[in-house]
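What follows is a set of notes on a single structure, which appears directly below.
Below, chain A is the first sequence line, B the second, and so on; all start at residue 1. If you're wondering where the values come from, they're calculated on a predicted model, not measured in any experiment.
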Protein chains: 2
Amino acid sequence: MKECQHLFCHKKHSKIERFMEVSLLCLLNEKAGYGYGLIEKLSFFGFDDETINIGALYRTLRKMETEGLVYSDWEQSEQGPKRRVYSITDKGKKELENWVYVLKDRKMHIEKLIHRYESCENK
Amino acid sequence: MKECQHLFCHKKHSKIERFMEVSLLCLLNEKAGYGYGLIEKLSFFGFDDETINIGALYRTLRKMETEGLVYSDWEQSEQGPKRRVYSITDKGKKELENWVYVLKDRKMHIEKLIHRYESCENK
DNA sequence: GTTACTATATGTAATTTGTATATAGCTTAT
DNA sequence: ATAAGCTATATACAAATTACATATAGTAAC
């Protein structure tokens with residue numbers, strides 16, 4: 001993940017990386033997929049080509065596999081090298097369900113902060 | 001920060017810790033405050049007494065001071081030991097403004113994920 | 001004087017993240 | 001055939017962050 005280009009928050013990253021696992025679970029819940037191919041799908045969740053960290057993507061998928069959230073099979077592609085195709089497990093579906101619950105809570109707190117900030121006269 | 005009690009997301013923390021800095025900036029933007037006293041105010045943002053990590057709070061405040069986002073003065077309290085009272089700086093106000101911008105973006109992506117998950121038939 | 005509470009602070013291990021790089025199959029041009 | 005370029009997966013290592021425990025000390029109450 002590259003350094004934030006916009007000088008937001010004093011070059012600290014906006015730290016959406018941890019959101020990657022949930023995003024991957026959401027995508028794999030719809031349809032099995034492989035690492036490289038998931039990259040562009042992740043753009044829907046705010047991960048763009050310039051900022052995405054490929055290494056982190058593969059690492060996250062492998063970690064999710066060791067945790068039993070997904071499983072993988074090698075698949076021959078029409079052109080290019082073989083692909084490790086990931087599918088979600090029942091445990092992964094449960095995990096995703098729980099994550100969505102957590103995200104709803106987090107969203108609420110973000111909204112509370114934004115509202116509180118915007119109601120404050122010291123802006 | 002204690003281990004998540006609810007078995008959500010396989011005991012992984014929901015990782016709202018990084019939200020602490022923004023929450024602190026938001027509170028200090030309204031009014032100067034000291035570490036111990038800020039604890040209960042943080043509950044507004046989802047940090048509760050059982051889960052808050054006092055060490056992280058102090059460390060975050062000190063780090064924010066070295067970054068010039070806040071400054072501190074020692075203040076004698078009516079009862080109990082002296083307090084290090086933190087105030088926000090102009091740089092901190094700018095940082096908070098930027099963070100709010102980032103949070104709005106993140107909120108949007110969380111909403112997109114939740115909506116996508118709930119529209120999916122594979123739940 | 002010792003127990004309890006308020007208050008601030010840090011040491012250290014574990015985990016996570018950033019960045020760079022390695023490996024290798026397939027396709028296309030020379 | 002071989003080099004360049006793309007697809008695809010993977011890991012090594014340093015840096016940063018987080019978890020957890022613990023240290024320090026003033027004040028109050030008993």
On the six-membered ring of A/Y36, is A/R83 placed so that its NZ or CZ lies under 6.0 angstrom from the centre and within 45° of the ring axis? no
Among D/dA8, C/dA7, D/dT11, which nucleotide sits nearest the side chain of A/Y36? D/dA8
Whichever of A/G80 and A/G55 has its nearest DNA chain D nucleotide further upstream toward 5': A/G80
Per B/P81 side chain, nearest of listed nucleotides C/dA9, C/dC26, C/dT6: C/dT6
From CG of A/L57 across to C1' of D/dA8 the rounded distance in Å is 11 Å
Closer than 4.0 Å, any side-chain N/O of B/R59 to the OP1 or OP2 of D/dT18? no
When you check the phosphate oxygens OP1 and OP2 of C/dT8, does a side-chain N or O of B/Y58 lie under 4.0 Å from one of them? yes
Any donor-acceptor pair under 3.5 Å linking the side-chain atoms of A/S72 with those of A/E65? yes
For atom CD of B/E111, decide whether the heavy atoms of other residues, nucleotides or ligands shown that lie under 6.0 angstrom number more than 12. yes
Between the base of D/dG26 and the side chain of B/R83, is there a donor and acceptor pair under 3.5 angstrom? no
Test the A/K112-B/F44 pair against the cation-pi criterion, namely NZ or CZ under 6.0 angstrom from the six-membered ring centroid and within 45° of the ring axis. yes
By nearest heavy atom, map B/G37 and A/Q76 onto DNA chain C; which one lands nearer the 5' end? B/G37
Without decimals, in angstroms, what is the distance between A/I52 CD1 and C/dT17 P? 14 Å
